[in-house]
Amino acid sequence: MTNSLHENLPWVEKYRPQNLDQVYGQQEVVQTIRKLAKDGRIPHMLFYGPPGSGKTSTVIALAREIYGKNYKNMVLELNASDDRGIDVVRDRIKSFASTRQIFSSGFKLIILDEADAMTSTAQNALRRIIEKYTKNTRFCILANYAHKMNPALMSRCTRFRFAPLADSAVGKGIHVVVKEEKLNLPEETEKCLIPLSRGDMRKAFNVLQACAAALDEEGDPITIDMIYECVGAAKPKSIETVLDAIMKNDWTDAYGTMDKVRKAEGLALIDLIEGFVEVLDKYQLKPSTRTSILEGLGDIEYGISKGGSDKIQSTAVIGCIKSSLENEQ
Ligand SMILES: Nc1ncnc2c1ncn2[C@@H]1O[C@H](COP(=O)(O)OP(=O)(O)OP(=O)(O)O)[C@@H](O)[C@H]1O
Ligand SMILES: [Mg+2]
């Protein structure tokens, strides 16, 4: 790869771990698979967990460690959500698994990414395919949700759960990018970026890249406001302004404030609700009031996801908070 091509890569690709040591967090998974690989006892595997926690990166790094230069001959990467038809998957697996291994011995590895996007019929068919080729291949199935996977398919695999990355792991990734890209990331900004990433390294890297692109001059500091804008999350200060207006002022003023803040910051109602839930932690409320507000907000969130009207759901937010507080007295 030439350097200029490398320069233009999205950072999530540019900084994809090259080996298992560069996979941060996930120590237990990495330790276990490393041991299995060393003993030549790689089973069929299922990696599952939230986006950006390192599933694809880990299996690719593992395959690099096992096969080195032979990677291309020994590893087949399939994306189940592209090639959704099981016939395509079956044909590709068949021709890959049945070519003879000239250069090396051992198992070939088939990586089936985003397998929870497969239909249940396709997953059923996959059970047979796995059994048929177990003699000379191992499968690594990647998914976000274990509950979307066929239980009979899962029972053929050793399961590895990828937890959302710990703050310290996200911090490590951020430090690498900051150093390599010579970013000016003040500590306070970093402290705000890490929790907003919610254990998703991809999100952290994408936000950093967007912020860096928005700088007037290279080397300018990345500010907290820039981070909030890139994430699309509501700033805690704005959330507090709206929440205070709802709690203390009359209905018209509360609605007006909410509308103004939303327009100024381009926030969807759902962003605001997520912000409320975070900020409410800091308010002193009776347990029953807190429960009642959270229950109400939960219902409204569900209503929004079902396509409820924005105006009605917005007024419902105000109603829910106001009535929970009134019941307190
Ligand atoms: N544990 C980690 N250590 C270092 N970098 C990571 C880690 N997890 C994710 N990343 C970074 O985030 C990017 C996305 O990670 P990856 O593709 O492995 O996520 P994933 O778990 O497969 O997510 P998805 O479920 O969305 O497919 C990688 O290119 C890498 O730069
Ligand atoms: Mg992935």
Side-chain angles (χ1 to χ4, degrees), residues 1 5-34 45-66 71 75-84 89 109-118 123 139-149 154 157-181 183 185 190 193-213 227 230-231:
M1 202 175 347
L5 205 66
H6 202 66
E7 274 310 302
N8 290 332
L9 277 178
W11 289 356
V12 286
E13 289 309 325
K14 192 170 167 188
Y15 296 103
R16 194 182 276 287
Q18 297 298 306
N19 53 54
L20 287 175
D21 289 330
Q22 290 174 4
V23 173
Y24 303 131
Q26 320 300 11
Q27 287 90 348
E28 276 174 36
V29 176
V30 169
Q31 251 174 30
T32 313
I33 55 173
R34 210 176 223 155
M45 298 178 287
L46 170 71
F47 288 0
Y48 68 100
S53 54
K55 300 177 293 299
T56 306
S57 304
T58 302
V59 68
I60 291 178
L62 171 73
R64 282 222 180 94
E65 288 199 2
I66 301 179
Y71 186 98
V75 182
L76 175 67
E77 294 174 41
L78 291 174
N79 195 315
S81 57
D82 291 343
D83 303 331
R84 208 169 295 190
V89 171
L109 180 69
I110 297 177
I111 302 170
L112 200 57
D113 211 339
E114 301 185 19
D116 44 3
M118 293 175 97
Q123 291 191 25
F139 283 77
C140 184
I141 300 176
L142 312 185
N144 288 127
Y145 305 103
H147 70 260
K148 286 196 188 161
M149 300 302 300
M154 287 207 292
C157 303
T158 305
R159 275 189 250 176
F160 294 91
R161 178 171 177 273
F162 282 64
L165 292 172
D167 286 356
S168 58
V170 177
K172 271 192 188 171
I174 290 177
H175 290 160
V176 171
V177 174
V178 165
K179 184 157 171 258
E180 293 293 320
E181 300 293 332
L183 300 177
L185 187 74
E190 181 184 323
L193 170 61
I194 291 178
L196 279 174
S197 309
R198 294 177 192 272
D200 178 345
M201 191 83 90
R202 185 186 291 119
K203 193 164 175 186
F205 287 3
N206 280 334
V207 169
L208 275 180
Q209 190 165 21
C211 288
I227 299 279
C230 287
V231 177

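Counting starts at 1 for both ligands and their atoms, in listed order.
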Backbone, side chain, both or neither: what part of Pro51 comes under 4.0 angstrom of ligand 1, heavy atoms only?
both

For residues Asp116 and Gln123, report the shortest heavy-atom separation together with the two atoms involved.
CA-NE2, 4.4 Å

Considering only the protein, which heavy-atom contact is closest to atom 30 (C) of ligand 1, and what is its distance?
Pro17 CD, 3.8 Å

Gly52 touching ligand 1 at heavy-atom level, < 4.0 angstrom:
yes

With heavy-atom distances below 4.5 Å as the criterion, would you say the side chains of Met149 and Ile141 are in contact?
yes

Measuring from atom 1 (N) of ligand 1, which candidate in Tyr15, Tyr24, Tyr48, Trp11 has the nearest non-hydrogen atom?
Tyr24

Tightest non-hydrogen contact, residues Ser57 and Arg16, listed as OG-NH1, 3.0 Å

Where Leu20 and Thr58 come nearest, the two heavy atoms and their spacing:
CD2-O, 3.7 Å

Write down the atom of Glu13, the atom of Leu9, and the distance for their closest heavy-atom approach.
CB-CD2, 4.3 Å

Ser53 touching ligand 1 at heavy-atom level, < 4.0 angstrom:
yes

Using heavy atoms and a threshold below 4.0 Å, how should the contact between Phe162 and ligand 1 be classified: side chain, backbone, both, or neither?
neither

Note: heavy atom closest to atom 15 (O) of ligand 1, options Ser57, Ala143, Ala61, belongs to Ser57

Residues in side chain to side chain contact (heavy atoms under 4.5 Å, CB included) contact with Ala163, at least two apart in sequence or another chain:
Arg161

Please state whether the rings of Phe47 and Phe162 are parallel, tilted or perpendicular, taking 30° and 60° as the class boundaries.
tilted

Pick one of side chain, backbone, both or neither for how Leu165 approaches ligand 1, counting any non-hydrogen atom pair under 4.0 Å.
side chain

Suppose the cut-off is 2.8 Å; which protein N/O/S atoms would you list for the Mg ion (ligand 2)?
Thr56 OG1

For atom 22 (O) of ligand 1, what is the nearest protein heavy atom, given as residue, atom name and distance?
Thr56 OG1, 2.7 Å

Once rounded to the nearest 0.5 Å, what's the spacing between atom CG of Leu112 and atom CG of Leu76?
9.0 Å

In the protein, what heavy atom is nearest to atom 29 (O) of ligand 1, and what distance, to one decimal place, separates them?
Val12 O, 2.3 Å

For Ser53, does its backbone N or O pair with a side-chain atom of Gln26 as donor and acceptor, under 3.5 Å?
yes

What residues form a side chain to side chain donor-acceptor pair (under 3.5 Å) with Arg202, not counting sequence neighbours?
none

Is there a polar contact, in the sense of an N or O pair closer than 3.5 Å, between Asn144 and ligand 1?
yes

Within the 4.0 Å heavy-atom shell around Val23, which atoms of ligand 1 are there?
1 (N), 3 (N)

Quick one: which of Lys203, Lys55, Arg202, Met201 has a heavy atom closest to atom 5 (N) of ligand 1?
Met201

Results of side chain to side chain contact (heavy atoms under 4.5 Å, CB included) for Glu180 - residues two or more places apart only:
Tyr15, Val176

Heavy-atom closest pair (Leu165 atom, Tyr24 atom, distance to 0.1 Å) is CD2-O, 3.5 Å

Report yes or no: does a heavy atom of Gln22 sit under 4.0 Å from some atom of ligand 1?
yes

Could you tell me whether Gly54 and ligand 1 have an N or O pair separated by under 3.5 Å?
yes

Glu28, CD atom: more than 12 neighbouring heavy atoms under 6.0 Å
no

How about Asn19 and Glu65: do any of their side-chain heavy atoms sit closer than 4.5 Å?
yes

Could you list the atoms of ligand 1 found under 4.0 angstrom from a heavy atom of Phe205?
31 (O)

